[in-house]
Amino acid sequence: MNELLARPWAQKLIDWWFRSQEHLENMPWPLWEEWLSRFVFYYPLLMAYVWMIGGLIYYWRWERNRGNVLSDLPVLSEYPMVSILVPCYNEGENARETIQYLSQQQYPNYEIIAINDGSKDNTLEILHELADQYPQLRVVNLASNQGKAVGLRTAALLANSEILIGIDGDALLAPNATAWIVKHFLDDPHVGAVTGNPRIRNRSTLLGKIQVGEFSAIVGMIKRAQRAYGHVFTISGVIAGFRKTALHEVGYWSPDMVTEDIDISWKMQLAGWRIRFEPNALCWVLMPETLSGLWKQRSRWAQGGVEVLLRYFGSLWHWRSRGMWPLYLECCISLCWAFLVAGMLLTAPLDWWLTEQPQAALADLSPHWTSMLLCVTCLIQFGVSLSIDSIYEKRSGGAAQHYYWMIWYPIVYWLISVGTTVNGCIKALRKKKGQRAVWVTLDRGLREK
């Protein structure tokens, strides 16, 4: 330790630290520090209750009398043509199962358009083979990797229907999902998109088990609450329905946005179209089960969210966009919260090392009533949301079995979320304007069949 302190740069750092401390003594910094600490602790606490209240409102108004979601079908006045779009990039291992599930849709009038977006494996050969087996399947081939947005737009322009449903090339769509999505477009001509209810397929590791609870307790709850409050931050990129007229009006998907699902959600709602959440439109997806894969995925999500906030900032100043103001504000506050937490985590060891007061530092890190309240609230949120969402997990044994694994969520996922938010924000700010967003191969986890 003494040898380290003898180095010139270390001595300069220490001198600067103590000079800054002396300078801050003349400022009302303790008050600011207290308020920042309160914000870091109380913001997630407040938002947990905001999401719980909104989720319960949604459940009471639209969900509690749905019946058996795994088999029931809605009563429709008509059955218009539907085009199911499946963009694929290196999906040779998943394409057969995905198309097979699509062929079992309990809907009388639909087509499947699979887009091979410059895959480097045998995806194209498998799709052509499947086209001979399933007459409702059409295959579109793009010679080079153009990105998911371009693939979806190409398929949408070639589709023979007004209603489109997009799913990922590794997703399994529930047989009754198409009918439930179509119902929203028939009931309300102002609905531009319907987001479905993704479920996790791979559950063999701790990260996989936590994600099962996350999609029920966090993702599902937030989507319900946002729908109840009026506007949705993003549709689910893995399963969503679209009205072609609305897509055409807003210019379809943007090829330069990392997350085309967040982008199209904001474009539609800023243009006056409504987005609905349909929990009965189940779709089983593969998710990362390694820390590196999870980091890359969440960083991309965070980057896409920041790109949208930057791009549509000017559009929010119109009075007709006032409904999106609370959503935009909440996103900005969440970014500030992540940066503050990251700053506290980074400066705490430095403060400990320079001041050499380990007892005070440990006291700051020890559980207080605020952190205990936050943990208890977190578990209450998980309990409420999993009870609402349990009906959609009947096929896999119910949602209660995943409640135990959710105790790791604040430790594992909050830290990852803070890091990926900061990383994604930096990437969004550094990204070149107009840079094309192309496919990348992601971690799909370990599948259980």
Side-chain angles (χ1 to χ4, degrees), residues 39 43 46-47 49-58 60-62 149 152-153 156 162-164 184-195 219 221-237 240-278 301-339 421 424-425 428-429 431 433-434:
F39 170 73
Y43 175 69
L46 170 65
M47 294 311 300
Y49 286 102
V50 170
W51 300 138
M52 273 193 288
I53 293 172
L56 289 171
I57 292 174
Y58 179 91
W60 187 262
R61 289 189 61 184
W62 294 296
L152 286 170
R153 176 170 184 161
E162 169 68 2
I163 299 177
L164 313 174
H184 289 274
F185 294 113
L186 297 179
D187 290 346
D188 189 346
H190 301 289
V191 170
V194 179
T195 179
V219 177
M221 178 69 79
I222 290 177
K223 275 190 167 54
R224 287 176 173 86
Q226 290 176 343
R227 165 68 181 92
Y229 296 143
H231 292 82
V232 177
F233 177 75
T234 178
I235 60 172
S236 175
F242 302 93
R243 192 184 299 273
K244 193 172 182 179
T245 300
L247 287 172
H248 186 75
E249 180 181 324
V250 301
Y252 296 90
W253 297 268
S254 301
D256 61 338
M257 300 295 278
V258 171
T259 50
E260 83 294 330
D261 48 358
I262 304 178
D263 175 69
I264 196 66
S265 303
W266 281 72
K267 287 170 73 172
M268 282 191 169
Q269 291 178 112
L270 288 173
W273 293 95
R274 298 170 184 169
I275 292 181
R276 296 289 183 259
F277 171 58
E278 180 44 69
W301 289 0
Q303 179 182 348
V306 175
E307 288 181 6
V308 166
L309 296 182
L310 293 174
R311 173 164 293 187
Y312 299 112
F313 175 75
S315 301
L316 287 167
W317 292 102
H318 300 291
W319 178 249
R320 67 177 184 179
S321 304
R322 62 190 181 279
M324 300 290 288
W325 293 351
L327 196 61
Y328 194 96
L329 179 62
E330 192 276 325
C331 294
C332 292
I333 295 176
S334 296
L335 284 174
C336 294
W337 179 84
F339 274 91
T421 298
C425 184
L429 294 173
K431 181 183 174 183
K433 186 177 181 180

Can you see whether W62 has R227 sitting over its ring - NZ or CZ less than 6.0 Å from the centre and within 45° of the normal?
yes
For S254 and A149, work out which heavy atoms get closest and say how close.
O-CB, 3.5 Å
Heavy-atom nearest pair, R224 first then G55, reads CB-CA, 4.0 Å
Which residues pass the salt bridge (Lys or Arg N to Asp or Glu O under 4.0 Å) test with K244, sequence neighbours left out?
none
The criterion is salt bridge (Lys or Arg N to Asp or Glu O under 4.0 Å); which residues satisfy it with R153, sequence neighbours excluded?
none
If you define the side chain from C-beta out and look only at heavy atoms, does anything of Q226 sit under 4.5 Å from W51?
yes
Taking the side chain as C-beta and beyond, is there a heavy-atom pair between I235 and F242 under 4.5 Å?
yes
Which distance, rounded to the nearest 0.5 Å, do you find between the CH2 of W266 and the CD1 of I275?
10.5 Å
First locate atom CZ of F233, then atom CD of Q269, and finally report the distance between them rounded to the nearest 0.5 Å.
10.5 Å
Classify the side-chain pair [X]/[Y] by whether it contains a donor and acceptor separated by less than 3.5 Å.
X: T245; Y: E162; answer: yes
X: H184; Y: E278; answer: yes
X: W273; Y: E249; answer: yes
X: S236; Y: K223; answer: no
X: S321; Y: Y312; answer: no

Test your reading of the model: is there a side-chain donor-acceptor pair from R243 to the backbone of V191, 3.5 Å cut-off?
yes
Kindly say whether L327 contributes a backbone atom to a donor-acceptor pair with the side chain of Y229 at under 3.5 angstrom?
no
Sorted by chain and number, sequence neighbours left out, ring-ring contact (aromatic ring centres under 6.0 Å, His included) with W60 holds for none
Might you work through the side chain to side chain contact (heavy atoms under 4.5 Å, CB included) test for E307 and R311, ending with a clear yes or no?
CA-CA 6 Å; E307 288 181 6; R311 173 164 293 187; over 6 Å; no
